[in-house]
Amino acid sequence: MIEKVGVVGAGRVGQACAFALLLRASAREIVLVDRVAERATAVATDMRYGAPLSAPVAISAGDWDDLDGAGVVLVTAGVNEKEGGATDRDDPRGRLKLLDPNADVYRDVVPRIEEVAPDAVIVAVTDPPDPLADLARSLAGHDRVLSTGTVIDTLRFRTHVAAQLDVHPSAVEGLVVGEHGTSQVMLWSSVRVQGAPLADALHLCAVDQSLDELREQVEREVRYANIAIIEGNDASQFGIGAVCARIAEAVLRDERVVMPIASYREEHGATIALPTVVGRAGPGGVLVPNMSDDERAGFERSAATLRDAVASLR
C-alpha cells in the first residue's frame, strides 16, 4: 500500500491538512512543498516535535522531486478568501471570485506534480475547488482528480441541524450537493434523524421553532459558514483539514467509501459534488440521491454555475 501524501501549499489550510494527517496517522509519510521553502521547513519542523506522541508518521519539507511515490497530493496553494476579497455575503460569486488568480497557480503546480508523481490522485482543495479540479484534470490528462466537493458542507449541515435539535451530529442524516459555494443545494427532503423525518424529530425534541424557521437559519449558517469563521479567525482551515485527511485515507487504503466529493460528470459538463465512491483510483461510481423538484432545479442551476466558471477560463 502506498502511504505517502504530498501537501502543496503550506499556508493556513495546508498546515491544517498536514496536522490532521499527522494526528490521524492517515499516512506513513507526509511531504510539504511550498514556494517559500523556509515556511514549509518551519511548519514541518514544528509538527515533527509533536509527532512522537502520535502513531509513527514522518513529516518533512521538500521540493517537487520529493513528491515522487506519493499516492495522494493535496493542492492547497493559492489566494485565500480573505486575501482575495471573497467574504461578501451579498456577492453571488462567492469563492468563484478567486478562480482566475488560483487558476494561474494550478497551471504552474499541476504539471510539476504530474512530472514527479504521475500515479498520484490529485485533490483540489484551493478555493474554488470544483472548477480548479476541472482545470487540474485537463492539465494532468487523467481522471484521478477530485475536489473536496461538499464534504465539509455536508458536515456543517449535519452539525447545524443537530445543534437545533440538541442531538449529536452523528444522529443526523443529511447531504449537500452541487458546488462548494453559494449555489450549493441542501437536500432537506431526505434529512432524517436516525431514520425519522425531520418534522417528527423537531416535535420530539420540543424545538421552539417552525420547520421553515429552522431551515432558513441552518441554510444561512451553512452557506456562509466560511465567512463567519474568517471574520473571527482569518481563515477557514481546521474542518477542511480533517476532511482532506479523511479523503487521503480513503484513497490510500482503497476504502471505496462513499463521500460527496466532486468529480467530473460528463452529463453535467462540470466537476460537481454528488455521493461518490472513493478509492485508490480516486473518484469512482456516483450515486444520484433522490431530490425534490426544487432541489433538482437548484442542482441544475449549480451545475450551470460551474460550467460557466470553467468556460470563463478558456
Side-chain angles (χ1 to χ4, degrees), residues 20 81 89 92 94-95 125 127-130 146-202 204-205 207 209-231 236-247 250 257-263 272-276 278 286-303 305-306:
E81 291 155 297
R89 290 175 175 82
R95 298 169 178 86
V125 186
D127 281 323
D130 307 323
L146 57 92
S147 90
T148 51
T150 54
V151 180
I152 186 64
D153 307 283
T154 292
L155 294 172
R156 290 168 176 168
F157 185 37
R158 292 170 56 195
T159 296
H160 282 288
V161 170
Q164 294 302 311
L165 300 176
D166 195 23
V167 299
H168 194 275
S170 64
V172 177
E173 304 156 24
L175 184 64
V176 180
V177 296
E179 177 202 6
H180 174 59
T182 56
S183 72
Q184 64 187 222
V185 182
M186 296 167 218
L187 301 187
W188 287 99
S189 65
S190 57
V191 172
R192 297 290 184 272
V193 181
Q194 284 295 294
L198 180 58
D200 292 352
L202 200 66
L204 181 65
C205 296
V207 176
Q209 195 176 36
S210 71
L211 182 56
D212 287 343
E213 290 170 337
L214 181 145
R215 285 182 57 163
E216 181 180 355
Q217 180 175 342
V218 170
E219 287 256 358
R220 183 175 60 254
E221 291 171 337
V222 173
R223 202 176 304 278
Y224 303 110
N226 59 313
I227 297 176
I229 294 167
I230 291 165
E231 288 170 343
S236 171
Q237 56 195 309
F238 300 113
I240 194 63
V243 164
C244 287
R246 184 66 191 95
I247 291 172
V257 66
V258 178
M259 309 172 77
I261 57 92
S263 62
I272 191 165
L274 285 166
T276 303
V278 181
V286 171
L287 301 173
V288 180
N290 290 329
M291 303 183 201
S292 69
D293 290 344
D294 286 345
E295 291 165 351
R296 171 64 63 182
F299 181 77
E300 294 299 335
R301 286 193 297 272
S302 190
T305 295
L306 290 169

- prompt: Any sub-3.5 Å donor-acceptor pair from Ser302's side-chain atoms to Glu179's backbone N or O?
  reply: yes
field: Thr150 and Phe157, any side-chain heavy atoms less than 4.5 Å apart
entry: no
statement: For Ser147 and Pro129, the nearest pair of non-hydrogen atoms, with its separation, is CB-O, 3.4 Å
field: With Arg246 via salt bridge (Lys or Arg N to Asp or Glu O under 4.0 Å) - residues at least two apart
entry: Glu249, Glu255
- request: Would you check if there is a donor-acceptor pair between the side chains of Ser189 and Glu295 at a distance under 3.5 Å?
  value: yes
- request: State, to 0.1 Å, how close Pro260 and Thr154 come at their nearest heavy-atom pair, and which atoms those are.
  value: CG-OG1, 3.7 Å
- request: Go through Arg296 and Val288 one step at a time and tell me if the side-chain contact (heavy atoms from CB on, under 4.5 Å) criterion holds.
  value: CA-CA 11 Å; Arg296 171 64 63 182; Val288 180; 3.6 Å; yes
- prompt: For the residue pair Asn290 and Leu187, what are the closest heavy atoms and their distance?
  reply: O-CD1, 4.3 Å
query: So do the side chains of Leu202 and Leu165 get within less than 4.5 Å of each other, counting heavy atoms only?
result: yes
query: If you round to the nearest 0.5 Å, how far is CD1 of Ile240 from NE2 of His180?
result: 5.5 Å
- request: Only counting residues at least two apart or in another chain, list the ones meeting salt bridge (Lys or Arg N to Asp or Glu O under 4.0 Å) with Glu213.
  value: none
message: Within the 4.5 Å heavy-atom criterion, are Asn226 and Arg95 side-chain neighbours or not?
response: yes
- prompt: Can you find a pair of side-chain heavy atoms, one from Val167 and one from Gln194, that are under 4.5 Å apart?
  reply: no
message: Could you report the tightest heavy-atom contact between Ile152 and Gly239, atom names first, then the distance?
response: CD1-C, 3.7 Å
field: Asp130/Ile272 under side-chain contact (heavy atoms from CB on, under 4.5 Å): CA gap, chis, key distance, verdict
entry: CA-CA 6 Å; Asp130 307 323; Ile272 191 165; over 6 Å; no
- prompt: What are the two closest non-hydrogen atoms of Val177 and Pro275, and how far apart are they?
  reply: CG1-CD, 4.4 Å
- prompt: Just by distance, do the side chain of Arg223 and the backbone of Gln184 share a donor-acceptor pair under 3.5 Å?
  reply: yes
query: Does Val172 offer a backbone N or O that forms a donor-acceptor pair with the side chain of Arg158 under 3.5 Å?
result: yes
message: Measuring only between side-chain heavy atoms, which start at C-beta, is Leu274 closer than 4.5 Å to Phe299?
response: yes
field: All pairs passing side-chain hydrogen bond (donor to acceptor under 3.5 Å, both in side chains) where residues 162-173 contributes a residue, at least two apart
entry: His168-Ser170
- prompt: Does any non-hydrogen side-chain atom of Leu146 lie less than 4.5 Å from one of Thr276?
  reply: no
- request: Could you tell me which non-hydrogen atom of Ile227 sits nearest to which non-hydrogen atom of Arg89, and how far apart they are?
  value: CG2-NH1, 3.5 Å
- request: Answer whether the closest heavy-atom distance between the side chains of Asp294 and Trp188 falls below 4.5 Å.
  value: no
task: Find the distance between NE2 (His160) and CG (Leu155) and round it off to the nearest 0.5 Å.
output: 11.0 Å
message: Would you say CD of Glu216 has more than 12 non-hydrogen atoms from neighbouring residues, nucleotides or ligands within 6.0 angstrom?
response: no
